[in-house]
Number of protein chains: 2
Amino acid sequence: MRSNVARKQQEPKSAASPTARAYRIEEQIGYLLRRAHQRASAIFQVTVGDPNITPTQYSSMVKLNEYTELSQNLLGRLVGMDKATMQGVVRRLKERRLVDSRPDPGDARRTLLSLTTEGQRLVNKLLINGPAVSRETLKPLNVQEQRHLIELLSKII
Amino acid sequence: MRSNVARKQQEPKSAASPTARAYRIEEQIGYLLRRAHQRASAIFQVTVGDPNITPTQYSSMVKLNEYTELSQNLLGRLVGMDKATMQGVVRRLKERRLVDSRPDPGDARRTLLSLTTEGQRLVNKLLINGPAVSRETLKPLNVQEQRHLIELLSKII
DNA sequence: ATGGCATCGTGCGTACACGAACAATATGGG
DNA sequence: CCCATATTGTTCGTGTACGCACGATGCCAT
């Protein structure tokens, strides 16, 4: 068990003027979001029940489970992924036979995606642990704070 | 100008039972953190003033500016990056002559990192825009909500 | 009907993110 | 002093994430 705190090697140069509020990277929203997202991903990985499924793969499969069949671009919009990113996610899911695709008969530009039987089985298993992932991630907060955080994050997206 | 909302192609299969609360991926903390982080990164990129500097490179340089000289591992702990990730970040900063390194005279395992003059000049320029990045990211919230979000995120890290 | 513009999926390049394995070095307890 | 254990930094593999450019296709207004 090692300390999570950095050994103090050196003092920071305090460039604080008396009036200006200090700019601390640890208090900036972007920094906090990066760290919080890291922690959430780590909790997902150990809690969801299958170490080979990533958060983005999971959300893609959950959406395909809801809609049955979706084009790749539309799926990307629904789960907030760039089409280039979506490409890689879908490729890996197809390689594992969790997702299948067929050309859209009504639009030759599109590929329709759907879960395989295997993919359905897996996502329904993972969905059981879904709430536990969120619960564990939000554990440091009380119920009211949890609701508030969800609400605030929804607002800034 | 195209709509950001997906065209409705198909209804989701409503699998809602009357009692159980629906599991919506859009309300899960991990999903929201991923989306919020995406947005924050995009705002950083267009607001910080140098499109070639990433958020992680920025936070590394800010920390090096505070401490003058740090080992790679310690810097990684201070900014919340894995040592393998840190490796790549530092390599790119060194390639651009923004960061310099020397062996630690007191510990042959360590490499001491510091900003070059060029790196100092750049980070001090970027620090001017730092507050604007955070301000823009938090724009959808009022001041009280902004403070609250920062506080809640700090708690779950 | 056709020409301009948007959309869809792909490929490439760059950058985080991290687990795992590794070699070199440091440290502390017996 | 010496050995078990820990730390530091590197490399490899896999997976997001996205900008850009491309070709194929669809759509719409003239």
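Below, chains carry the letters A, B, ... as their sequence lines are ordered, and counting in each starts from 1. Please read these numbers as outputs of a predicted model, since none were measured by experiment.
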Do the side chains of [Y] and [X] get nearer than 4.5 Å, heavy atoms only?
{"X": "A:Arg135", "Y": "A:Lys139", "answer": "no"}
{"X": "A:Leu127", "Y": "A:Asn124", "answer": "yes"}
{"X": "A:Gln57", "Y": "A:Arg96", "answer": "yes"}
{"X": "B:Gln120", "Y": "B:Met61", "answer": "no"}

- Do B:Thr47 and B:Glu136 meet the criterion of a side-chain donor-acceptor pair at a distance under 3.5 Å? no
- Can you find a side-chain donor-acceptor pair between A:Ser134 and B:Gln28 that sits under 3.5 Å? yes
Using whole Å, what does the distance between atom [atom2] of nucleotide [N] and atom [atom1] of [X] come to?
{"X": "B:Arg102", "N": "D:dG9", "atom1": "CZ", "atom2": "C1'", "answer": "17 Å"}
{"X": "A:Asp50", "N": "D:dG15", "atom1": "CG", "atom2": "P", "answer": "12 Å"}
{"X": "B:Asp107", "N": "C:dA26", "atom1": "CG", "atom2": "P", "answer": "5 Å"}
{"X": "B:Arg77", "N": "D:dA6", "atom1": "CZ", "atom2": "C1'", "answer": "12 Å"}
{"X": "A:Met86", "N": "D:dC18", "atom1": "CE", "atom2": "P", "answer": "12 Å"}
{"X": "B:Leu113", "N": "D:dT8", "atom1": "CG", "atom2": "P", "answer": "13 Å"}

- Query: For nucleotides 9-19 of chain C, read 5' to 3', which letter fits each nucleotide if B means a protein heavy atom sits under 4.0 Å from the base, S means only the sugar-phosphate is that close, and - means neither?
  - Reply: BBB---SSBBB
- Kindly determine whether B:Glu151 and B:Arg147 satisfy salt bridge (charged side-chain N to carboxylate O under 4.0 Å, His left out), including the steps that lead there. CA-CA 6 Å; B:Glu151 191 198 325; B:Arg147 240 180 315 139; over 6 Å; no
I'd like a table of atom pairs between the protein and nucleotides 1-4 of chain C - only N or O on both sides, under 3.5 Å - with the distance next to each one.
none

- Note on the structure: Rounded to the nearest 0.5 Å, the OG atom of B:Ser101 sits from the CD atom of B:Gln72 at a distance of 8.5 Å
